[in-house]
Amino acid sequence: MANLSLLLSIVLQVLGRVACLEQVNDRQCDCYLTNDTSKNYFTTHDFFDFRALAQYAKVPSPITDPYDSSDADETSNYFLDENWTNVWGIQRWNNSDGVDSGDVPVLLVNSPNNIYIEKNEDEDPSSETFLTMRTLRYRHYQSAAEFESISKAYHFLSVRMYARTIGAPGAVTAMFTYRNDGGARELTSVQESDLEIRTMDPPDKVQYTNQPSYNLEGYDIPQSTQNATTPKQADWTQWSVHRMDWSPKNTTWYIDGRQVASIAFQVPRDPSQVIFNAWSDGGEWSGNMTVGDAAYLQIQWIEIVYNSTGNEKTTDKRNDDMARAPLNAKRDEGCQNVCSIDDTPTTGTPVLLQGAASRISDHILGLGVAYVWIPLLLATFLI
Ligand SMILES: *[C@@H]1O[C@H](CO)[C@@H](O)[C@H](O)[C@H]1NC(C)=O
Ligand SMILES: *[C@@H]1O[C@H](CO)[C@@H](O)[C@H](O)[C@H]1NC(C)=O
Ligand SMILES: *[C@@H]1O[C@H](CO)[C@@H](O)[C@H](O)[C@H]1NC(C)=O
Ligand SMILES: *[C@@H]1O[C@H](CO)[C@@H](O)[C@H](O)[C@H]1NC(C)=O
Ligand SMILES: *[C@@H]1O[C@H](CO)[C@@H](O)[C@H](O)[C@H]1NC(C)=O
Ligand SMILES: *[C@@H]1O[C@H](CO)[C@@H](O)[C@H](O)[C@H]1NC(C)=O
Ligand SMILES: *[C@@H]1O[C@H](CO)[C@@H](O)[C@H](O)[C@H]1NC(C)=O
C-alpha cells in the first residue's frame with residue numbers, strides 16, 4: 001500500500017509537471033521564477049519581439065549633419081506605438097559638454113535615425129526582421145543610438161536579448177542598468193551593471209562590470225569588472241542570448257544559458273533604468289572609429305522579468321496603471337501562480353510552474369488531460 005501511494009505520487013508529480021507546463025499569458029501569472037539558483041520571485045514580465053515586423057522594415061539613409069541627426073524622426077510607426085513608447089525612450093542627447101571641456105575627443109550625437117527595423121538578409125535567416133542600433137563615424141562626429149527605459153524603478157531583474165554585434169572596430173554596444181544620483185562627473189554616485197562589447201576586442205571577449213570600474217584617483221578597481229570568454233560558437237558576432245541577472249547579492253551574466261561572469265562587488269542597490277546603446281566617443285574605452293565606418297547592435301527580441309519599486313519618481317505610465325490594477329492586490333497576498341520564462345518551448349510566452357491546483361483539477365474533471373489518467377490506471381494495475 002505504501003508502495004502504491006509512493007508510485008502514484010511519483011507518477012502524479014511527473015505527469016503533473018508535464019501537464020502543468022502549460023503555456024499561459026501574463027495575466028495568468030502572479031510572479032516569475034528564473035532558472036538560476038536564486039529563489040527570488042519577480043513580479044512582472046515584458047517581451048519585445050522584433051522578429052516579424054516586415055511592415056516596418058526599412059534601413060534609413062544616414063544623416064550627415066549632427067543637428068539634423070539629433071532632430072530626426074523615429075524611423076517607423078513601430079517606435080511611435082504605445083507598446084514601445086510606454087516602455088522605451090529613444091535618445092537624442094549628445095556629449096558636447098564633455099568635448100568642450102576636453103574630457104572626450106569626439107562629439108557623439110544620439111539619433112532616432114539609427115534605431116530601425118531591418119529585414120533579416122542572412123543566408124538561412126532565423127527571423128524575418130530584427131531591430132538595428134547603428135553607430136557611424138563622420139569626420140566631425142560619431143552618430144550613435146540609445147534607448148532607455150522610461151521607468152527608473154527597476155529593482156532587480158533578469159534581462160535577456162537575442163542579439164549580435166557586427167561592424168567596424170571603435171564602437172561599444174551595451175545592455176545595462178543605470179542609476180546616477182549625482183552629476184555626470186560624480187563617479188561615486190553611479191550604480192550600474194554592464195554588458196559591453198568593444199568592437200576593437202576579439203569576438204570571443206565580452207566585458208562585464210559593476211560600475212564604477214575606476215576610482216577618483218583614476219585607478220582601476222579590478223574586482224568591479226570581468227573580461228569574459230564567450231562559449232564557442234557564441235562569439236558576439238553570432239546570434240546568441242545575452243542575459244544579465246541583477247539580484248541583491250550579485251550580478252550574473254549568461255550567454256546561451258551558460259554562466260560567463262558573476263560579480264558580487266559593488267552590486268547596484270537602488271532602483272535603476274535599463275538601457276541599450278551603440279556608440280563611440282573616440283576615447284580610450286571605445287577607441288576611434290575610422291571615418292566612414294559603422295557598427296551595429298542587432299536584436300531579434302528583448303525579454304525582462306523584474307520587480308519595480310513605487311517609491312521612485314517615475315514618468316512611467318504603466319507603473320501607475322499597475323499600481324491600480326487588481327494584479328497588485330493579488331501580489332500582496334503572495335504568489336499563487338508561479339510562471340517561468342525559461343522552461344517554455346516558445347520564447348516570450350511563459351509557462352505555469354505551480355499553483356495551478358484548480359486548473360489541474362479542472363482539466364482532470366473535464367478529461368482535458370486523459371493522458372494523466374491512462375498511465376495512472378496502468379500504474380495501479382501493475383502493482
Ligand atoms: C547570486 O546571488 C543569488 C542570490 O541573490 C544566488 O542565488 C546565486 O547563487 C548567486 N550567484 C553566484 C554565481 O554567486
Ligand atoms: C520581488 O518582489 C516580490 C514581491 O514583493 C518579493 O517576494 C521578491 O523577493 C522580490 N524579488 C527580488 C529579487 O527582490
Ligand atoms: C547638443 O546638446 C546641446 C544641449 O542640449 C544642444 O544645445 C546642441 O544643439 C546639441 N548639439 C547637437 C549637434 O545636436
Ligand atoms: C501592442 O501590443 C498588443 C499586445 O501584445 C498587441 O495585440 C498589439 O497588436 C500591439 N500593437 C502594435 C501596433 O503592434
Ligand atoms: C579582454 O582580453 C583580451 C585578450 O584576451 C583583450 O584583447 C581585450 O582588449 C580585453 N578587453 C578589455 C576590455 O580589457
Ligand atoms: C535556463 O534557461 C535558459 C533559457 O532561458 C536555457 O538556455 C538554459 O540552459 C537554462 N539553464 C539551466 C541551468 O537550466
Ligand atoms: C581619437 O582621435 C582623436 C582625434 O580625432 C584623438 O584626439 C584621440 O586621442 C583618439 N583616441 C584614441 C583612443 O586614440
Side-chain angles (χ1 to χ4, degrees), residues 23-29 44-57 66 74-88 95-96 98-108 117 128-129 131 135 137-142 144 165 168-174 176 194-214 220-230 232 235-237 253 255 260-261 263 279-293 301-304 317-318 321-322 346-350:
Q23 297 189 48
V24 292
N25 73 40
D26 286 308
R27 263 167 296 148
Q28 295 164 268
C29 301
T44 315
H45 172 225
D46 275 346
F47 183 61
F48 298 89
D49 195 350
F50 313 118
R51 292 174 298 180
L53 298 175
Q55 70 272 36
Y56 302 111
E74 283 76 2
T75 57
S76 79
N77 285 337
Y78 181 81
F79 301 105
L80 297 171
D81 188 85
E82 284 195 343
N83 287 354
W84 175 268
T85 58
N86 280 347
V87 182
W88 304 112
N95 67 350
S96 59
V99 175
D100 293 346
S101 65
D103 287 349
V104 283
V106 174
L107 176 66
L108 170 166
I117 303 298
E128 207 182 329
T129 54
L131 179 150
T135 180
R137 180 63 197 263
Y138 291 100
R139 187 161 304 282
H140 298 295
Y141 83 107
Q142 182 87 27
T165 293
V172 175
T173 63
F176 57 108
D194 282 346
L195 173 171
E196 287 178 291
I197 289 162
R198 301 199 309 173
T199 56
M200 70 161 102
D201 275 350
D204 66 340
K205 295 294 175 189
V206 179
Q207 196 71 24
Y208 301 104
T209 309
N210 284 342
Q211 298 282 359
S213 60
Y214 56 94
D220 288 343
I221 307 173
Q223 321 86 287
S224 70
T225 189
Q226 287 176 16
N227 182 345
T229 303
T230 68
K232 275 202 188 107
D235 71 57
W236 44 255
T237 67
W253 291 265
I255 298 178
V260 287
I263 302 177
W279 62 278
S280 175
D281 62 5
E284 292 286 330
W285 181 250
S286 68
N288 264 320
M289 190 176 278
T290 302
V291 174
D293 276 353
W301 50 258
I302 293 170
E303 184 162 38
I304 316 182
K317 289 196 217 79
R318 279 164 26 110
D321 291 342
M322 262 162 44
T346 313
T347 302
T349 304

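Residues take their numbers from the sequence shown, with the count starting at 1. Order of appearance sets the numbers: ligands from 1, and atoms from 1 within every ligand. Since we're looking at a predicted model, the values are computed, not measured.
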F48 and W301, any side-chain heavy atoms less than 4.5 Å apart: no
Under 4.0 Å to a heavy atom of D201 - the qualifying atoms of ligand 5, by number: 8 (C), 9 (O), 10 (C), 11 (N), 12 (C), 13 (C)
Ring centroid separation W88 to F79 under 6.0 Å: no
Sub-4.5 Å side-chain heavy-atom contact between N77 and Y56: yes
Per-ligand residue contacts, ligand 7, heavy-atom threshold under 4.0 Å: P105, G282, G283, N288
Atom indices of ligand 5 within 4.0 angstrom of P202 heavy atoms, with elements: 7 (O)
Chi angles and distances behind the side chain to side chain contact (heavy atoms under 4.5 Å, CB included) call for E303, D46: CA-CA 6 Å; E303 184 162 38; D46 275 346; over 6 Å; no
Side-chain heavy atoms of Q226 within contact of Q207, under 4.5 Å: no
Element-labelled atoms of ligand 5 that are located less than 4.0 Å from some non-hydrogen atom of Q207: 11 (N), 12 (C), 13 (C), 14 (O)
Ligand-side contact atoms (ligand 5) for residue partner R198, heavy atom cut-off under 4.0 Å: 9 (O), 11 (N), 12 (C), 13 (C)
W84/Y78 under side chain to side chain contact (heavy atoms under 4.5 Å, CB included): CA gap, chis, key distance, verdict: CA-CA 7 Å; W84 175 268; Y78 181 81; 3.7 Å; yes
Test item: S280 side-chain N/O and G170 main-chain N/O as donor-acceptor pair under 3.5 Å: yes
Contact (N/O only, under 3.5 Å) between Y56 and ligand 4: no
Test ring pair (Phe, Tyr, Trp, His ring centres under 6.0 Å) applied to W253 - qualifying residues, sequence neighbours left out: Y208
